[in-house]
Amino acid sequence: MYSIGVDIGSTCAKLAVLEDGHTLVHHMLMPTGWSSGETAQAIYAHLEAQGYCPDGLPCVATGYGRLNVPYAQKTVTEITCHARGSGFLFGTEPCVILDIGGQDTKVIAMADGMVQDFLMNDKCSAGTGRFLEIMANTLCVDPGRLCELARSGSGVSISSMCTVFAESEVISLIGSGTAKEDIAYGIIESIVNKVASQYGKLSASNLPCYLTGGLCESAYILESLSKKLGTTVRSAPLARYAGAIGAALTACTIGRQEKTR
């Protein structure tokens, strides 16, 4: 039996299809764009083309735009889905999941595949993927290139916790002739410091730590977080799909329940 998980985030939408709740047979990533509803329909068309029509398969939606997926039988919060998806990717031993999303940052303490505690920054874009995107645009580079530049920079601190004021700081640094590498370093340090602050409030520093979300593919982000937290932060090639995988696992449970009725 196939099950479908749709995670429509504020920046990117992720899709995961599982077979029998054990094997990831298909996954896909696309920009969310301005309309979650249109993105959901584009995902539907993609699923149909791949032979996984949601009309006949269990489907669960999560993320920022989860209420705009009309073919999902159920919607589930990001925290629950990221927990389940992280268990699929990293195992069910006690750990901490750091999810740097486009709109928010989540720090989730896990044990036996279940959420024990969590903190979520959803009041400000500081420390999120959106913050990195805005700062990268200000430097006229893409986020990946900003991370590369930061590796050879040093000495700059972005003090403001507000994205608008932080952008003003960056513009001032550009105007004063500060090297682009040093500004990039300060931007990444700002993100890492914000995540570290949330992490410290969970009192789970003795547990293995994993990074999910769009920034999980940046080796420099992983290195910077590891240094700041004092523990090795790991990830996985499919870690940005954790939410979608968790939604597909939940959909699989729904499918099994319907079969037993």
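Since this is a predicted model, take the numbers as computed values, not measurements.
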Please step through side-chain contact (heavy atoms from CB on, under 4.5 Å) for the pair T250 and T62, ending with a clear verdict.
CA-CA 10 Å; T250 304; T62 190; over 6 Å; no

Exactly one of K106, R66, K14 should register a salt bridge (charged side-chain N to carboxylate O under 4.0 Å, His left out) with E78. Which one does?
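The option that passes is R66.
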
Which value, rounded to the nearest 0.5 Å, describes the distance between [X] atom [atom1] and [Y] atom [atom2]?
{"X": "S86", "Y": "L98", "atom1": "OG", "atom2": "CG", "result": "10.0 Å"}
{"X": "C252", "Y": "E19", "atom1": "SG", "atom2": "CD", "result": "10.5 Å"}
{"X": "Q41", "Y": "Y71", "atom1": "CD", "atom2": "OH", "result": "6.5 Å"}
{"X": "T105", "Y": "D99", "atom1": "OG1", "atom2": "CG", "result": "7.5 Å"}
{"X": "L215", "Y": "E133", "atom1": "CG", "atom2": "CD", "result": "10.5 Å"}
{"X": "I97", "Y": "C95", "atom1": "CD1", "atom2": "SG", "result": "4.0 Å"}

Is the shortest heavy-atom distance from the side chain of [X] to the side chain of [Y] under 4.5 Å?
{"X": "T253", "Y": "R84", "answer": "yes"}
{"X": "K228", "Y": "N193", "answer": "yes"}
{"X": "V69", "Y": "T39", "answer": "no"}
{"X": "E167", "Y": "M135", "answer": "yes"}
{"X": "K180", "Y": "V141", "answer": "yes"}
{"X": "H46", "Y": "H26", "answer": "yes"}
{"X": "I187", "Y": "L139", "answer": "yes"}
{"X": "V233", "Y": "Y199", "answer": "no"}

Is there a continuous path of hydrophobic side-chain contacts, each under 4.5 Å between heavy atoms, that joins [X] to [Y]?
{"X": "Y220", "Y": "V170", "answer": "yes"}
{"X": "L249", "Y": "M114", "answer": "no"}
{"X": "I245", "Y": "M30", "answer": "no"}
{"X": "I171", "Y": "L149", "answer": "no"}
{"X": "L15", "Y": "V25", "answer": "yes"}

How about Y64: does its OH atom have over 12 heavy atoms from other parts shown lying under 6.0 Å from it?
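No, because the 6.0 Å sphere around OH of Y64 holds 12 heavy atoms or fewer from other groups.
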
Residue D55 excluded, over 12 heavy atoms near CG under 6.0 Å
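Enclosed.
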
Quick one: closest heavy-atom pair of [X] and [Y], and the distance?
{"X": "E169", "Y": "S157", "value": "OE1-O, 3.9 Å"}
{"X": "A247", "Y": "V60", "value": "O-CB, 3.3 Å"}
{"X": "D182", "Y": "G153", "value": "OD1-CA, 3.4 Å"}
{"X": "H82", "Y": "A242", "value": "ND1-CB, 3.8 Å"}
{"X": "G21", "Y": "F88", "value": "O-CE1, 4.2 Å"}
{"X": "R240", "Y": "C12", "value": "NH2-SG, 4.0 Å"}

State whether the side chain of [X] and the backbone N or O of [Y] hold a donor-acceptor pair below 3.5 Å, judged by distance alone.
{"X": "S235", "Y": "L211", "value": "yes"}
{"X": "S172", "Y": "S168", "value": "yes"}
{"X": "D142", "Y": "G144", "value": "yes"}
{"X": "T212", "Y": "A239", "value": "no"}

Angle between ring planes, Y210 versus F90, binned at 30° and 60°: parallel, tilted or perpendicular?
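Aromatic pair Y210/F90 classed parallel.
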
Please tabulate, for the side chains in residues 1-11, all donor-acceptor contacts under 3.5 angstrom to protein atoms that are two or more places apart in sequence or on a different chain.
residue : atom : partner : partner atom : Å
S3      : OG   : A248    : O            : 2.9
S10     : OG   : Q103    : N            : 3.2

Regarding E181 and S152, do their side chains bring together a donor and an acceptor under 3.5 Å, going by distance alone?
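Distance-only check fails for E181 and S152.
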
